[in-house]
Chemist: 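Here it is, the structure, as structure tokens.
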Amino acid sequence: DAGVIQSPRHEVTEMGQEVTLRCKPISGHNSLFWYRQTMMRGLELLIYFNNNVPIDDSGMPEDRFSAKMPNASFSTLKIQPSEPRDSAVYFCASSLEGQGVGYEQYFGPGTRLTVT
Amino acid sequence: QQQVKQSPQSLIVQKGGISIINCAYENTAFDYFPWYQQFPGKGPALLIAIRPDVSEKKEGRFTISFNKSAKQFSLHIMDSQPGDSATYFCAAPRGFAFDRGSTLGRLYFGRGTQLTVWP
């Protein structure tokens with residue numbers, strides 16, 4: 001099992017540019033999460049998909065951020081235009097949810113984004 | 001909004017000592033409290049979790065203690081080792097039983113505790 005795959009691992013871009021982060025969840029998982037990690041704010045949930053449908057996007061900072069999940073094996077997080085304050089490590093995680101409560105989330109290695 | 005307060009922010013322990021990290025939560029519709037461990041340059045990974053109707057869960061050197069009336073839970077690492085040096089996050093369920101469908105997998109994470117175990 002390859003685990004959750006994220007690309008790129010590192011991204012350096014200039015302010016105003018568009019950034020696209022990619023995620024391939026674990027095969028068979030039905031939920032996908034995008035998180036942002038910074039020293040100041042810790043680990044923040046940005047958006048949560050279940051069965052490819054966005055369920056909770058209340059953590060998306062502003063309209064510059066958008067996320068899509070066109071199918072069960074792929075998701076993107078796009079920032080347009082990017083700003084220096086978007087610099088952070090972005091994690092994608094997936095899980096297999098059923099009728100119970102409490103499911104393990106499997107995190108990818110993260111994408112370290114630096115906006116200059 | 002559900003908040004999870006974690007302390008301490010950092011912890012230095014001698015090898016062989018006991019590491020204790022505490023978390024407090026507000027309201028939740030169900031009891032599932034996981035701890036995640038994160039090494040530098042890696043994503044967090046589930047370490048241990050406690051489920052409903054259990055006040056303590058032990059796995060090897062790691063123990064979760066859960067106090068429902070106080071809305072607190074803690075992680076104890078016995079015989080701490082240098083390899084335990086990492087950042088530890090507690091988490092609590094986000095969302096309630098009446099949310100859409102059975103999509104109850106969201107978590108609020110604490111701010112993290114950076115543990116350093118000296119040899």
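Protein chains get the first letters and strands the later ones, always in sequence-line order, with residue 1 at the start of each. For clarity, every value in this text was computed on a predicted model and none was experimentally measured.
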Chemist: One pair to check against side chain to side chain contact (heavy atoms under 4.5 Å, CB included): A/Gln37 and B/Phe109. What are the steps and the verdict?
Modeler: CA-CA 11 Å; A/Gln37 186 175 37; B/Phe109 283 88; over 6 Å; no
Chemist: Are B/Arg106 and A/Asp56 packed together at the side-chain level, in the sense that at least one heavy-atom pair is separated by less than 4.5 angstrom?
Modeler: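 Yes, their side chains come closer than 4.5 Å.
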Chemist: Honestly curious: do B/Val13 and B/Ile21 fall in one hydrophobic cluster under the side-chain, below-4.5 Å linking rule?
Modeler: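 In one cluster with B/Val13: B/Ile21, yes.
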Chemist: Step by step, would you call B/Tyr32 with A/Tyr103 a ring pair (Phe, Tyr, Trp, His ring centres under 6.0 Å)?
Modeler: CA-CA 9 Å; B/Tyr32 169 72; A/Tyr103 308 97; 7.6 Å; no
Chemist: Would A/Met60 end up clustered with A/Val19 when hydrophobic side chains under 4.5 Å apart are linked, directly or stepwise?
Modeler: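 Same hydrophobic cluster.
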Chemist: Can you tell me which portion of B/Pro44 sits under 4.5 Å from chain A's heavy atoms? Options are side chain, backbone, both or neither.
Modeler: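 For B/Pro44, backbone and side chain are both near chain A.
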Chemist: Inspect the surroundings of CD in B/Gln9 and state if more than 12 heavy atoms from other residues, nucleotides or ligands are less than 6.0 Å away.
Modeler: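 For B/Gln9, atom CD is not crowded (no more than 12 foreign heavy atoms under 6.0 Å).
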Chemist: Heavy-atom distance under 4.5 Å between the side chains of A/Phe91 and B/Gln38, does that happen here?
Modeler: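 Yes - at least one pair of side-chain heavy atoms lies under 4.5 Å apart.
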Chemist: Check whether B/Ile64 and B/Leu115 end up in the same hydrophobic cluster, where Ile, Leu, Val, Met, Phe, Trp and Tyr are linked by side-chain heavy atoms less than 4.5 Å apart.
Modeler: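 Per the 4.5 Å side-chain linkage, B/Ile64 and B/Leu115 are co-clustered.
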Chemist: Please determine whether residues A/Ile55 and A/Met69 belong to a single hydrophobic cluster, defined as Ile, Leu, Val, Met, Phe, Trp and Tyr linked transitively by side-chain heavy-atom distances below 4.5 Å.
Modeler: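 Unlinked, A/Ile55 and A/Met69 end up in two clusters.
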Chemist: A/Arg9, A/Met40, A/Met39: which one forms the most heavy-atom pairs within less than 4.5 Å of chain B?
Modeler: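 Winner by heavy-atom pair count: A/Met40.
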Chemist: Looking at A/Arg112, I'd like to know if its CZ atom is crowded, meaning that more than 12 non-hydrogen atoms belonging to other residues, nucleotides or ligands lie closer than 6.0 Å.
Modeler: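 Count not over threshold, so no.
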Chemist: Is chain B contacted by the side chain of A/Ser58, its backbone, both, or neither, given a heavy-atom distance below 4.5 Å?
Modeler: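 Looking at A/Ser58, just its side chain touches chain B.
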Chemist: What's the verdict on side chain to side chain contact (heavy atoms under 4.5 Å, CB included) for A/Phe107 and B/Tyr36, showing C-alpha distance, side-chain angles and the deciding distance?
Modeler: CA-CA 10 Å; A/Phe107 283 75; B/Tyr36 281 74; 3.8 Å; yes
Chemist: Taking A/Leu32 as the starting point, is it possible to reach A/Leu46 by hopping between hydrophobic residues whose side chains are less than 4.5 Å apart?
Modeler: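 A/Leu46 clusters together with A/Leu32.
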Chemist: Output the distance between atom OG (A/Ser95) and atom CG (B/Leu107), rounded to the nearest 0.5 Å.
Modeler: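 It is 8.5 Å, given to the nearest 0.5 Å.
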